[in-house]
Amino acid sequence: MPSIRLLSPRLANQIAAGEVVERPASVVKELVENALDAGASRVDVEVEQGGVKLIRVRDDGNGIQEDDLPLALSRHATSKIASLDDLEAVASLGFRGEALASISSVSRLTLTSRTASQEAASRVEVEGREMDARISPAAHPVGTTLEVRDLFFNTPARRKFLRTEKTEFNHVEECVRRQALSRFDVGFTLRHNQRVVQSLRPAEAAIDRERRIGALCGQQFIDNAVVIDAEATGLRLWGWVALPTFSRSQADLQYFFVNGRVIRDRLVAHAVRQAYRDVLYNNRHPAFVLYLEVDPATVDVNVHPTKHEVRFRDGRLVHDFIFRTLHKALADVRPDDHLRGAVAQSFGRESAGQAQEAGVATGASWSGQPSVPDSGHPGTSVTGYGGQSQPQQEWHANDQMAFYQSLNAGGGSEGQRPMPVTSSGVDAPVPTPPVDSDQEPPLGYAIAQLHGIYILAQGRAGLIVVDMHAAHERITYERMKRALVEQDLTSQPLLVPLSLAVSQKEAALTESHGEELQKLGLQLERIGPETLAVRQVPALLRGADTEQLVRDVLADLIEHGQSDRVEAVTHELLGTMACHGSVRANRQLTIPEMNSLLRDMEATERSGQCNHGRPTWTLVTMSELDKLFLRGR
């Protein structure tokens, strides 16, 4: 073996550059973060050839003193921390002091800066050499400009790993998008090959923030998003989460910030997936822009070279808070929230006033309190189809009771089509719903049934089409879940205990989490160093694969410190039961029965999707119908 020796400064910087500088977007990230840490209110980013030829980042921050310019390009030199106490409560985006040194070792870097106390600016240049910085006077306003030219010019092997110009610029654009989402108080400009790609003004007001979100994430996202703002135990979570109907095929619209720092965290991802579990179709992904504010001392940001990951001191508390907040927010979404997004998309963004004229709410928010439309409350008076006013509570209860009694009695068998009749025995005419009623519920009033499958309802926004089986399935499912919570999860002893071979870590876990496993309906006993005996399982899951269930629960406990596996499997079983117990196709419903189902949907959590994530209803607005028939042309 060769003798041990110190690495040269140049080689050490280039090795560090392998961690910090992966591609041009990595350089943009580091430079923009430095600009934000310097107190900039405006950041301009300009790149050429995807960032390979040129990256220029200019800000109007505090600037750097002339004497500190050479030191700024040294390894582990920073003004952001000075002691271990500072490191344990980092409030800045950067803190290691190695970004500029690493970047300058693989490029031609020029740093020009001026502070408010200086009469003139200074410039320092480095070209991938051993820190032979050259300082010269320059003309520059207060702030800093960093130019990075010919990235990887002296490391051709690294340059070969870069992708096409378009791909590299897409990464740069994504990087700027994340920084613009993290700081609404800062203006951003992005240029590529002398063409302005993005120009964002500071967004302090709520409406300006929504405009920035719409510009960066798409207007459809903001039209279909629920605003969240909740606080608990020193934590605050706020931002926007998309309705389940606005899902993605990829996880490409998910932004999560902790104290202004964009992160990718498995704990956060698990909490979000858990909140969306029974409202997303198949393998779709939710969309969100969320901000978590915590005490900096309770989060460790020094766990990854690129600072994309963090570690929470109490990860379980954070996980539960995120899950509960999102779960409650999605549960409180009602049809009028869905209608808001549908109408806004139909009319365009200038439709806020038009949507209000159509009788649809133009804003959805959740701040820790449930939001139920007034029209869904019992006791509200609505106009009956006969022309007289009747109390909705009495009408709703009677119709609902008759509806579900007929279902339970088997009146909904295939092929049966009972039609509403009058007292004289002849077919009753289809009633017309009231017009311009201030008390009209979000889903309007039923007017007909199509092929025994869909309910057609008229609302002020247009035509509402409801899949009656999917809607009834969600209603039944939510009632079964509530009943299960009220009755608790009962256990059933196994006639012959099941023996499982596990690792010593998993076996020890059953002893330390015995009470938690018991609450899940599982009784596990350690009968050997690497052997478990399963003695009790949840009564509802007696036919499930017990071995796989136990192994999944133990894996969740190791990964996340908790497990919702039993709840997930239980809910899956309840969903199957609800599916088989719901009204089937070709079940002819009367008008009161259809209206009863619509009112139940308005009062039921997550009624916009069935248990499998399929939509339960859709809206065809009047403007869309007018386009179909060329009206107004």
Side-chain angles (χ1 to χ4, degrees), residues 13 17 20-21 24-48 51 53-81 91-128 131 133-151 172 175-176 178-180 182-183 185-191 198-202 260-261 307:
N13 287 339
V20 178
V21 186
S26 307
V27 176
V28 173
K29 172 185 178 295
E30 298 292 344
L31 300 186
V32 172
E33 287 182 350
N34 281 344
L36 296 177
D37 286 340
S41 62
R42 184 80 197 175
V43 179
D44 298 324
V45 180
E46 183 178 354
V47 298
E48 293 182 9
K53 180 180 180 181
L54 170 68
I55 298 173
R56 181 184 292 119
V57 176
R58 185 168 188 165
D59 67 72
D60 60 353
N62 299 327
I64 304 174
Q65 293 285 349
E66 180 180 0
D67 295 340
D68 290 340
L69 286 177
L71 193 59
L73 303 179
S74 302
R75 291 197 69 199
H76 306 307
T78 181
S79 62
K80 300 169 186 178
I81 60 172
S92 57
L93 296 174
F95 53 87
R96 290 180 179 156
E98 59 180 330
L100 293 183
S102 300
I103 295 170
S104 64
S105 69
V106 290
S107 67
R108 296 184 172 94
L109 185 144
T110 302
L111 168 60
T112 308
S113 188
R114 177 189 167 193
T115 63
S117 61
Q118 290 180 299
E119 295 183 359
S122 300
R123 174 182 294 133
V124 60
E125 298 178 69
V126 179
E127 293 188 3
M131 306 311 297
R134 302 186 300 275
I135 300 179
S136 60
H140 194 279
V142 174
T144 303
T145 296
L146 268 151
E147 289 187 2
V148 177
R149 295 183 179 272
D150 301 327
L151 189 62
V172 171
C175 173
V176 175
R178 292 175 180 175
Q179 300 298 339
S182 71
R183 292 289 299 271
D185 58 325
V186 178
F188 290 86
T189 301
L190 174 62
R191 292 182 179 86
Q198 201 67 260
S199 181
L200 303 171
R201 298 179 180 179
R261 183 190 307 277
K307 303 182 284 291

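Predicted, not measured: the structure shown is a model, and the values here were computed from it.
Taking every heavy atom of both residues into account, Phe95 and Thr78 meet most closely at O-CG2, 3.6 Å. Closest non-hydrogen pair, Ala35 versus Asp59, comes out as CB-OD2, 3.5 Å. The shortest non-hydrogen separation linking Leu69 to Ser122 is CD1-CB, 3.5 Å. Counting all heavy atoms, side chain and backbone alike, Gly63 lies closest to Ser113 at CA-OG, 3.3 Å. Across every non-hydrogen atom of Ser182 and Gly260, the tightest pair is CB-O, 3.4 Å. Taking each heavy atom of Arg183 and Asp185 in turn, the nearest pair found is NE-OD1, 2.9 Å.
Using a 4.5 Å cut-off on side-chain heavy atoms (C-beta onward), Val43 and Leu36 make contact. Two residues are said to be in side-chain contact when any heavy atoms from C-beta on lie closer than 4.5 Å; Thr115 and Val142 fail this criterion. A heavy-atom distance below 4.5 Å is not found between the side chains of Phe188 and Gln198. Proximity of Thr189 to Val45: side-chain heavy atoms (C-beta onward) are nowhere separated by under 4.5 Å. You'll find the side chain of Glu66 reaches within 4.5 Å of the side chain of Ile135, heavy atoms only. Side chains of Ser92 and Glu33 form no contact here, defined as non-hydrogen atoms less than 4.5 Å apart.
Inspection of the Thr145 and His140 side chains reveals an N or O donor paired with an N or O acceptor under 3.5 Å. Under 3.5 Å, the side chains of Asp150 and Ser107 contain no donor-acceptor pair of N or O atoms. No hydrogens or angles considered: nothing links the side chains of Lys29 and Asn34 as a donor-acceptor pair under 3.5 Å. Judged purely by distance below 3.5 Å, without hydrogens or angles, the side chains of Thr144 and Arg114 never pair a donor atom with an acceptor atom.
Checked against side-chain contact (heavy atoms from CB on, under 4.5 Å), Val20 has the following partners two or more places apart in sequence or in another chain: Glu30, Glu98, Ser102. With sequence neighbours excluded, the residues that form a side-chain contact (heavy atoms from CB on, under 4.5 Å) with Arg123 are Thr110, Thr112, Glu125, Ser136, Ala138.
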message: Test side-chain contact (heavy atoms from CB on, under 4.5 Å) on Val47 and Leu54; report intermediate values, then the result.
response: CA-CA 5 Å; Val47 298; Leu54 170 68; over 6 Å; no
task: Might you work through the side-chain contact (heavy atoms from CB on, under 4.5 Å) test for Val28 and Cys175, ending with a clear yes or no?
output: CA-CA 7 Å; Val28 173; Cys175 173; 4.0 Å; yes
message: Applying side-chain contact (heavy atoms from CB on, under 4.5 Å) to Leu31 and Ile103, what does each step give before you reach the verdict?
response: CA-CA 10 Å; Leu31 300 186; Ile103 295 170; 4.1 Å; yes
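Asp60 places a side-chain N or O within donor-acceptor distance of the main-chain N or O of Arg42, the cut-off being under 3.5 Å. Here the side chain of Asp37 pairs a donor or acceptor atom with the backbone of Leu93 at under 3.5 angstrom.
Put simply, the residue from Ile64, Asp68, Leu71, Leu73 that forms a side-chain contact (heavy atoms from CB on, under 4.5 Å) with Val124 is Leu73. Under the salt bridge (charged side-chain N to carboxylate O under 4.0 Å, His left out) test applied with Glu147, the options Arg56, Lys53, Arg58, Arg108 reduce to a single match, Arg56.
Atom CG in Leu109 sits 6.5 Å away from atom CG in Leu111 (nearest 0.5 Å).
Counting heavy atoms of neighbouring residues, nucleotides and ligands inside a 6.0 Å radius, atom CD of Gln118 exceeds 12 of them.
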